[in-house]
Amino acid sequence: MSGVRSAVAARSAGPVVDESGRVTLAGVGKRYETKRGPVDAVADVDLEVAPGEFVAIVGASGCGKSTLLRILAGFEGHTSGTVEVGGAPVRGPGPARGVVFQDYGLFPWLTVAENVRFGLRQQRWSRARAKQRAAEMIEVVGLTRFADRFPGELSGGMQQRVAIARVLAADPALLLMDEPFGALDALTRTTMQHELKRLRAESGATVLFVTHSIEEAVYLADRVVVMAGGASHGAPGHIAAIVPVDLGDERDVNGPAFNDLERRIAALVHES
Ligand SMILES: Nc1ncnc2c1ncn2[C@@H]1O[C@H](COP(=O)(O)OP(=O)(O)OP(=O)(O)O)[C@@H](O)[C@H]1O
């Protein structure tokens, strides 16, 4: 936990609740003005995510999942409604929000270790502390042997692991992840899901996680948001359902309760 976040935790009595991870979306809409006229990517999105909660977002292609994440990351503005993180309006990117998107966003001229240290140094971590933290996170994603390699020397899946290590190293209050494991092979994907679960339990970060895999959503999340619509479907993207995942911490992906929930969510995705 970062210095600021532990200070917040130390002041509050009772369970640790880091309010800086709270997400509030109220009546959120995004309209793109294009040559062919306005495109409503999303409309009327209401969602409250509690600090420390893990919310997965699923839905057919084009329903606005990435748009919502980009808005929360501060990469683009919304055109209606309110978007708040930690009780403050989002006006641009910020260090309390860690972002892992489909493109790895690594600096090709820096080594793996330098890439992971970069954000920490930007946040004024000392050289020694940044070096130690980077080494720890690189170990977590299983890339210690490659710490001195450049991104161009690694596979896509390995580059994605570096991007994940880089974001997790900074211990953000809110993690925004858009298909972060989409490019990984099945075995690495399972390992990374485990690690993400563990790291998130340790750090208490709030996570918003976009995935096309309903199994992944049910395995990781406290709640699954099902989105529907999309500009190409003639209706703006919107939230069609929010499904709580009441399966406890140890989830058996082959268990009947797990599979039932997976089927229920799949039906909601296909209906919408
Ligand atoms: N810059 C843009 N200009 C115009 N329309 C856009 C722009 N960006 C996104 N859109 C439209 O907004 C809608 C939502 O796109 P978005 O990428 O958020 O969907 P998605 O659910 O993440 O899709 P996928 O699962 O395929 O990644 C789509 O119809 C898309 O065409």
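Counting convention: from 1, in listed order, for ligands and their atoms alike. If you read the sequence from its start, that first residue is 1, and numbering goes on from there.
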Among Leu69, Thr67, Ile71, which residue places a heavy atom closest to atom 16 (P) of ligand 1?
Thr67
Does [X] have a heavy atom less than 4.0 Å from any atom of ligand 1?
X      : answer
Lys30  : no
Gly64  : yes
Gly62  : yes
Glu179 : no
Gly59  : no

Check: Phe209 ring centre within less than 6.0 Å of Phe181 ring centre:
yes
Which residue and non-hydrogen atom of the protein lie closest to [atom], and at what distance in Å?
atom                    : result
atom 24 (P) of ligand 1 : Ser61 OG, 3.6 Å
atom 29 (O) of ligand 1 : Ala231 CB, 3.4 Å
atom 9 (C) of ligand 1  : Tyr32 CE1, 3.6 Å
atom 12 (O) of ligand 1 : Ala41 CB, 3.2 Å

Classify the angle between the aromatic ring planes of Phe75 and Phe101 as parallel (below 30°), tilted (30 to 60°) or perpendicular (above 60°).
perpendicular
Any heavy atom of Leu68 under 4.0 Å from ligand 1? The part involved is neither
So which bit of Met227 gets within less than 4.0 Å of ligand 1, heavy atoms only: side chain, backbone, both or neither?
neither
Numbered atoms and elements of ligand 1 in range of Arg70, under 4.0 angstrom, heavy atoms
8 (N)
Hey, which atoms in ligand 1 end up nearer than 4.0 Å to a heavy atom of Thr34?
4 (C)
Count I, L, V, M, F, W, Y as connected when their side-chain heavy atoms are under 4.5 Å apart, and connections chain through other members. Are Val58 and Val253 then in the same cluster?
yes
State yes or no: do Leu176 and Val42 share one hydrophobic cluster built from I, L, V, M, F, W and Y residues joined by side-chain heavy-atom distances below 4.5 Å, directly or via other members?
yes
Within a radius of less than 6.0 Å around CD of Glu136, do more than 12 heavy atoms belonging to other residues, nucleotides or ligands occur?
yes
So for atom NE2, which belongs to His194, do other residues, nucleotides or ligands contribute more than 12 heavy atoms lying within a distance under 6.0 Å?
no
Please determine if Lys65 has a nitrogen or oxygen closer than 3.5 Å to a nitrogen or oxygen of ligand 1.
yes
Hey, could you give me each pair passing salt bridge (Lys or Arg N to Asp or Glu O under 4.0 Å) that has a residue in residues 70-99? Not counting sequence neighbours.
Lys30-Glu76, Arg70-Glu76
Applying salt bridge (Lys or Arg N to Asp or Glu O under 4.0 Å) as the test, list every pair that has at least one member in residues 220-238; sequence neighbours left out.
Glu53-Arg223, Arg200-Asp222
Donor-acceptor pair between Asp178 and Ser66 side chains, under 3.5 angstrom
yes
Between Gln193 and Arg189, is there a side-chain heavy-atom distance shorter than 4.5 Å?
yes
What do you think, any protein heavy atom under 4.0 angstrom from atom 31 (O) of ligand 1?
no
Less than 4.0 Å from atom 2 (C) of ligand 1, is there any heavy atom belonging to the protein?
yes
